[in-house]
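First the structure, in the form of structure tokens, and then the observations on it.
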Amino acid sequence: MLRKVAMDRHRSHNHNSSYHNRQSPYKREGDNSGRYHSENQHFRPSHHYHQQYQSGPTPGQNPPSSGSLSTRRELYERDFPVYKQPVEVGCFSLDSERRFFNDSRQMRYYAEPDRNPNFDLRDGYKDRFIKRDDSVKEKLDHLLRWISVNRAKLRSKATTASSCVLDVDFVTWRGHLTKLLTTPYETREGWLLAVTRFRGTLYISEVETEAARRERENRTERHEEMMYWGYKFEQYTCADTVHSSPDPGGVVNTNEAFCTVVQTRLADHRLLFSGEVDCRDKDPNAPAPPACYVELKTSAEICTPKQRSNFHRFKLLKWWAQSFLPGVPRVVAGFRDHDGMVVTVETFPISKISHLIKNEHNCWKPTVCMNFCCDFLSFVKRVATEDNPSVVYLFSCEPHRDVTYSIHRDSQYSFLPHWYVEEISRSQDSHHQF
């Protein structure tokens with residue numbers, strides 16, 4: 001059985017991981033490294049928060065003037081912002097029909113393959129593959145379902161009368177934060193993020209761009225098959241139970257998923273987000289989640305120095321961002337040939353990736369990624385001030401351009417479902433009566 005969820009990422013080669021120990025994944029090396037901070041650490045806001053908002057028109061239904069946020073890398077080369085060690089506060093599963101379960105039934109266990117396993121990633125594509133309909137946009141719905149069932153875990157202990165029901169500033173998918181981290185280095189794809197402020201919390205949900213929609217609707221058969229290869233690699237390396245072995249003869253069903261829900265803090269931004277997890281370490285003595293999780297990837301084999309450089313500059317950036325955010329300590333990658341045969345398997349500890357890229361000329365820097373994300377969240381707080389579930393602030397970014405926004409009321413961009421709005425409102429109102 002297999003599971004994977006597209007809500008959280010593009011997917012010919014992505015997934016989650018874990019650290020071999022409980023150490024912070026980054027030691028400080030000037031300003032090109034990151035690290036987690038323990039509970040008792042002071043949180044400092046980004047040191048030089050740039051007032052880089054220019055007045056002027058923005059696309060869509062806008063007020064007369066608004067601001068923008070620069071994506072220029074050099075503006076974010078400062079001290080690494082405080083990022084607290086992510087803590088798993090829950091998990092949930094989606095079954096073969098995308099039904100939500102508030103448990104870990106879809107969790108799988110990592111079965112370490114041989115270093116040169118010769119896995120055939122094409123196997124089963126024609127006859128044992130059930131593909132999720134990625135034209136169906138689930139928005140934040142599954143994560144909101146988890147929140148509705150687990151609200152007690154999130155309520156503030158100190159401020160019971162607080163206007164912020166969940167005691168977090170932002171709720172989103174890990175994949176949306178990954179896009180923010182990689183934005184200063186993105187050269188090809190833009191993004192649209194819809195933001196709604198409701199009962200003191202800012203919800204961030206992705207909107208498919210026109211370019212992404214065209215790409216999705218016009219994929220070649222080769223592209224479709226290569227997307228399958230990532231899921232198939234999981235089937236070769238994941239078992240359903242601690243004591244079983246992988247079953248590569250089974251059906252690959254990409255409706256199925258296991259998701260972690262984590263809380264953390266980036267500078268003064270309290271975050272609650274969810275991301276899909278591929279599997280966990282089988283060792284009963286492995287650290288607690290998320291440090292026992294493993295991210296699985298596939299990538300083309302590296303045969304030339306140019307290919308290695310591109311791997312460091314582009315692929316490792318996305319792998320690092322995706323796993324660093326939820327505290328997943330390692331990526332296991334299957335390197336495949338042109339015909340989809342995995343020729344070698346390699347493990348990449350997230351804490352070592354900054355060392356791998358150190359000698360690449362003009363390469364990406366973790367500090368730039370995290371500072372841009374931190375400043376974007378500050379920008380959102382400054383802009384999205386109206387607490388109203390029917391108001392959406394739509395943030396837009398194209399490569400090498402500033403982030404801009406527009407404001408929409410009762411529009412196609414609204415994404416908080418009525419059932420969630422009613423449930424949260426009712427729970428807060430009844431809470432205030434006592």
Side-chain angles (χ1 to χ4, degrees), residues 9-15 17 25-26 29-34 71-74 76-77 113-122 178-179 181-191 211-212 215 218-230 232-233 295-324 330-370 372 397-401:
R9 54 159 119 357
H10 261 319
R11 192 43 222 272
S12 33
H13 40 248
N14 336 3
H15 288 31
S17 328
Y26 281 99
E29 285 180 12
D31 64 347
N32 189 26
S33 59
T71 61
R72 283 165 45 216
R73 301 167 196 174
E74 62 269 25
Y76 303 99
E77 293 202 33
D114 294 338
R115 184 159 170 78
N116 306 107
N118 281 321
F119 294 149
D120 182 1
L121 300 180
R122 298 165 303 179
T178 301
K179 284 197 171 175
L181 262 65
T182 60
T183 293
Y185 299 99
E186 182 57 60
T187 58
R188 292 188 297 180
E189 296 179 352
W191 48 254
E215 186 274 331
N218 295 294
R219 285 182 198 135
T220 63
E221 182 63 20
R222 168 77 174 176
H223 188 178
E224 291 281 1
E225 183 174 355
M226 289 176 72
M227 291 177 71
Y228 166 81
W229 290 356
K232 185 64 183 181
F233 180 62
E295 176 72 21
L296 301 172
K297 304 284 189 189
T298 61
S299 191
E301 61 180 328
I302 298 168
C303 303
T304 68
K306 176 67 173 171
Q307 288 172 340
R308 181 163 297 281
S309 177
N310 285 339
F311 174 75
H312 286 162
R313 292 166 63 87
F314 305 110
K315 194 65 68 78
L316 282 185
L317 166 59
K318 290 198 164 73
W319 292 5
W320 171 82
Q322 187 185 33
S323 291
F324 180 79
R330 61 183 158 135
V331 171
V332 174
F335 289 92
R336 46 140 188 96
D337 64 18
H338 181 77
D339 298 318
M341 296 296 294
V342 174
V343 292
T344 186
V345 173
E346 194 172 340
T347 297
F348 294 87
I350 296 304
S351 61
K352 300 286 176 57
I353 286 180
S354 61
H355 302 285
L356 283 178
I357 63 169
K358 230 174 11 180
N359 298 322
E360 289 289 345
H361 175 65
N362 199 26
C363 201
W364 59 275
K365 296 178 180 178
T367 187
V368 170
C369 299
M370 294 297 283
F372 174 78
C397 188
E398 290 297 328
H400 313 298
R401 306 291 292 273

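One is the number of the first residue; the rest follow in order along the sequence.
- Looking at residues two or more places apart in sequence or on another chain, you find a side chain to side chain contact (heavy atoms under 4.5 Å, CB included) between R222 and T220, M226, W229, H338.
- Remark: F314 pairs with N310 by the side chain to side chain contact (heavy atoms under 4.5 Å, CB included) rule, at least two apart or across chains.
- Remark: R401 pairs with no residue by the salt bridge (Lys or Arg N to Asp or Glu O under 4.0 Å) rule, at least two apart or across chains.
- Rounding to the nearest 0.5 Å gives a distance of 14.0 Å between CZ of R336 and OG1 of T344.
- When every heavy atom of L181 is checked against every heavy atom of A321, the shortest pair comes out as CD2-CB, 3.8 Å.
- Inter-residue side-chain proximity for Q322 and K297 is flagged as met; some heavy-atom pair is nearer than 4.5 Å.
- No side-chain N or O of W364 forms a donor-acceptor pair with one of T182 less than 3.5 Å apart.
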Handout entry: Derivation and outcome, side-chain contact (heavy atoms from CB on, under 4.5 Å), residues L356 and R308
Key = CA-CA 11 Å; L356 283 178; R308 181 163 297 281; over 6 Å; no
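- V331 is listed as a side-chain neighbour of S323, based on a closest heavy-atom distance under 4.5 Å.
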Exercise for the section: Start with the C-alpha gap between L317 and C369, add the side-chain angles, then the distance that decides, and say whether side-chain contact (heavy atoms from CB on, under 4.5 Å) holds. Expected result: CA-CA 9 Å; L317 166 59; C369 299; 3.8 Å; yes
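- With hydrogens and angles disregarded, a donor-acceptor distance shorter than 3.5 Å links the side chain of N116 to the backbone of V343.
- Here S309 pairs with E360 under the side-chain hydrogen bond (donor to acceptor under 3.5 Å, both in side chains) rule; sequence neighbours left out.
- Residues passing the side chain to side chain contact (heavy atoms under 4.5 Å, CB included) test with A211 are T209, R214, sequence neighbours excluded.
- Distance check, rounded to the nearest 0.5 Å: CD of E346 to CD1 of I302 gives 7.5 Å.
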Practice task
Test side-chain contact (heavy atoms from CB on, under 4.5 Å) on F324 and M370 and set out the steps.
Solution key: CA-CA 10 Å; F324 180 79; M370 294 297 283; 3.7 Å; yes
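- Taking CG of L121 as the start and CG of D339 as the end, the distance is 11.0 Å to the nearest 0.5 Å.
- The salt bridge (Lys or Arg N to Asp or Glu O under 4.0 Å) search around E225 returns none, not counting sequence neighbours.
- Here the CZ atom belonging to F233 is positioned 11.0 Å from the OG atom belonging to S299, to the nearest 0.5 angstrom.
- Remark: R72 pairs with E74 by the salt bridge (Lys or Arg N to Asp or Glu O under 4.0 Å) rule, at least two apart or across chains.
- For the pair V332/V345, a side-chain contact is recorded, criterion being any heavy-atom separation below 4.5 Å from C-beta on.
- The side-chain hydrogen bond (donor to acceptor under 3.5 Å, both in side chains) test applied to H361 returns no partner, not counting sequence neighbours.
- Taking 4.0 Å as the cut-off between side-chain N and carboxylate O, E215 and R219 count as a salt-bridged pair.
- By the side-chain hydrogen bond (donor to acceptor under 3.5 Å, both in side chains) test, R115 pairs with no residue at all, sequence neighbours left out.
- Nearest heavy-atom pair across S354 and S351 is OG-O, 4.2 Å.
- With sequence neighbours excluded, the residues satisfying ring-ring contact (aromatic ring centres under 6.0 Å, His included) with F311 are W319, F335, F348.
- Put simply, OG1 on T183 and CD on E398 are 11.0 Å apart, with the number rounded to the nearest 0.5 Å.
- Legend: residues meeting side-chain hydrogen bond (donor to acceptor under 3.5 Å, both in side chains) with D337, ordered by chain and number and at least two apart, are absent.
- With hydrogens and angles ignored, the 3.5 Å screen pairs no side-chain donor or acceptor of Y185 with any backbone N or O of R313.
- We find the CD-SG distance between E186 and C397 to be 9.0 Å, quoted to the nearest 0.5 Å.
- Considering every non-hydrogen atom in both K315 and T298, the closest pair reads NZ-O, 4.2 Å.
- A donor-acceptor pair is defined here as one N or O able to donate and one able to accept, closer than 3.5 Å; no such pair exists between the side chain of R122 and the backbone of G340.
- Under the rule for a side chain to side chain contact (heavy atoms under 4.5 Å, CB included), the partners of T304 that lie at least two apart in sequence or sit in another chain are K306, Q307.
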